[in-house]
Amino acid sequence: MPELPEVETVARSVDARVRGSRILQVWFGSHHELFKNPPSRQATGLEGSVILAVHRSGKHVVFELGPSATPSPATPHAQWIVHLGMTGQLLVKAPDAPVVRHTHARLTLTGGFELRFVDPRRFGRLEFRNLTRAQCFVPPGAEPLEIAPQPFAALFRGRRLAIKAALLNQSLLAGVGNIYADESLFRAGIRPTRRAGRLTHAELERLRLALRDVLGHAIRLGGSSVSDYVDANGDPGSFQVEHCVYQRTGQPCRRCGTLIRRILIAGRGTHFCPRCQR
DNA sequence: CATTTCACCTGGTGGC
DNA sequence: TGCCACCAGGTGAAAT
């Protein structure tokens, strides 16, 4: 489900519902592979904390936690970091709402709400970080909405792998996944098989701007709901109706009518227009 | 080191 | 209806 626009939408919708709430009680399921540190320790850290804010970093949802909401130098003392994997959902529900299959976490909050983490495939990850003597969470890759032309070009210099594979590498750019790699390469007119280090300055700048435009447009439409992605309120996004190539194999290109092709790059389905993308 | 492949999971779809 | 192959928004370990 979740690439940058979907994670941004989830973080914003969770923030709007839970900011300022205190976590009263935490329940975790028994699938321990979801937990980057022990669930008992995470629960101990979460219980009693106040959610100061919720935001996105790369593909991670970051909860900023504090001991209380009111004191103005509200410096966070801990973070709870949620990665949604392929099928993860963060939902805000009434405590008596039916608990669906594959619910792995329930956080009881003040104000009569519950935050739930649901993830059928269990590729998601939950991590608690105490910040009293430590480092806050920063993903290794650059933010594609903020990076300037020179550092963007430098990411790909000398690399022999396909540009599509490079875009999926989270330690280069954080937040781009399969949908938005394909859509951005289409808008930039670049074939996904091109070697990253072989792109011209002009092509790299087209790609940087295409990423910015596509991701920004997708955020405004609440992300792409291909199968089961929804925000904290259970609402789907609508950017999927704007897709030009992703999962449009065999359908006519919206720009030139040529049939969209699907190939494999780095083991991922890759969609492109053989005429518009050189 | 850079790059590729594969395993990790459940569930939906389409062919037979 | 059932069975099977294949596909899916991601990542990190192992292999090359």
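So you know, we letter chains A, B, ... as the sequences are listed, proteins then strands, and number each from 1. Not measured: the values here are computed from a predicted model.
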Open item on the list: With a cut-off of less than 4.0 Å, is there a side-chain N or O of A:Q170 near OP1 or OP2 of C:dT11?
Closed with: yes

- [ ] Select one nucleotide: of C:dT11, C:dA8, B:dC8, the one nearest the side-chain heavy atoms of A:H83.
- [x] C:dT11

Task: Secondary structure string for DNA chain C (Watson-Crick or G-U under 3.5 angstrom, | for other-strand pairs) - done: .|||||||.|||||||

- [ ] With side chain to side chain donor-acceptor pair (under 3.5 Å) as the test, would you mind laying out the steps for A:D119 and A:T87 before giving the verdict?
- [x] CA-CA 5 Å; A:D119 183 9; A:T87 54; 2.5 Å; yes

Open item on the list: Of the listed nucleotides (C:dG10, C:dA8, B:dG11), which one gets closest to any side-chain atom of A:Q247?
Closed with: C:dA8

Open item on the list: Distance check needed: C:dA8 P versus A:I179 CD1, whole Å only.
Closed with: 11 Å

TODO: May I ask you to decide if A:L168's main-chain N or O and A:Q170's side chain share a donor-acceptor pair within less than 3.5 Å?
DONE: yes

Task: Rounded interatomic separation in angstrom, taking CG from A:D119 and P from C:dA8 - done: 18 Å

Open item on the list: Of the listed nucleotides (B:dG11, B:dT3, C:dT11), which one gets closest to any side-chain atom of A:R160?
Closed with: B:dT3

Open item on the list: For a quick test of reading the model: is some side-chain N or O of A:H31 closer than 4.0 Å to OP1 or OP2 of B:dC9?
Closed with: no

- [ ] Verify the contact: side-chain N or O of A:R268 to OP1 or OP2 of C:dG10, cut-off strictly under 4.0 Å; return yes or no.
- [x] yes

- [ ] Calculate the interatomic distance between A:R121 atom CZ and B:dT10 atom P; express it in whole Å.
- [x] 10 Å

TODO: Output, in order, the C-alpha distance, side-chain angles, deciding distance and verdict of side chain to side chain donor-acceptor pair (under 3.5 Å) for A:Q42 and A:W80.
DONE: CA-CA 8 Å; A:Q42 296 200 29; A:W80 193 46; 3.0 Å; yes

Open item on the list: For the P atoms, the ones on C:dA14 and on B:dC9, what distance do you get once it is rounded to whole angstrom?
Closed with: 15 Å

Task: Nucleotide C:dG10, atom C1' - distance to CD of A:E33 in whole Å - done: 15 Å

Task: C:dG10 OP1/OP2 closer than 4.0 Å to side-chain N/O of A:R125 - done: no

TODO: In whole angstrom, give the distance that lies between atom CG of A:L126 and atom C1' of C:dG10.
DONE: 15 Å

- [ ] Would you classify A:S171 as touching base, sugar-phosphate or nothing, given that sugar-phosphate means primed atoms plus P, OP1 and OP2, and contacts are heavy atoms under 4.0 Å?
- [x] nothing

Open item on the list: Please report the distance, rounded to the nearest Å, between CZ in A:F156 and C1' in B:dT3.
Closed with: 15 Å

TODO: Remember a base hit wins even if backbone is also touched, and classify A:G267 as base, sugar-phosphate or nothing at under 4.0 Å, heavy atoms.
DONE: nothing

Open item on the list: Tell me whether the NZ or CZ atom of A:R41 lies within the 45° cone about the ring axis of A:F35 and under 6.0 Å from its centre.
Closed with: no

Task: A:R262 side chain near C:dA8 phosphate (N/O to OP1/OP2, under 4.0 Å) - done: yes

Task: A:R122 side-chain proximity, nearest of B:dT10, C:dG10, C:dA8 - done: B:dT10

- [ ] Kindly point out which of C:dC7, C:dT11, B:dT3 is positioned nearest to the side chain of A:L161?
- [x] B:dT3

Task: NE2 (A:H201) with more than 12 external heavy atoms under 6.0 Å - done: no

TODO: Check every strand shown and say whether A:F239 touches a base, only sugar-phosphate, or nothing at a heavy-atom separation below 4.0 Å.
DONE: nothing

Task: Nearest-Å distance for atom pair CG/C1', residues A:L84 and C:dG10 - done: 11 Å

Task: Candidates A:D182, A:N178, A:L173 - the one meeting side chain to side chain contact (heavy atoms under 4.5 Å, CB included) with A:L167 - done: A:L173

Task: Under-4.0 Å side-chain N/O to phosphate OP1/OP2 contact, A:R159 with B:dA2 - done: no

Open item on the list: Is the distance from the ring center of A:H60 to that of A:F137 below 6.0 Å?
Closed with: yes

TODO: Kindly assign one of parallel, tilted or perpendicular to the pair A:Y246 and A:H271, based on the angle between their ring planes and the thresholds 30° and 60°.
DONE: perpendicular

Task: Separation of atom NZ in A:K164 from atom C1' in C:dG10, rounded to whole Å - done: 13 Å

Open item on the list: In terms of relative ring orientation, are A:F239 and A:H217 parallel, tilted or perpendicular, with 30° and 60° separating the classes?
Closed with: perpendicular

TODO: Report yes if the ring of A:F123 lies under 5.5 Å from the six-membered base ring of B:dC8 with planes under 30°, and no otherwise.
DONE: yes

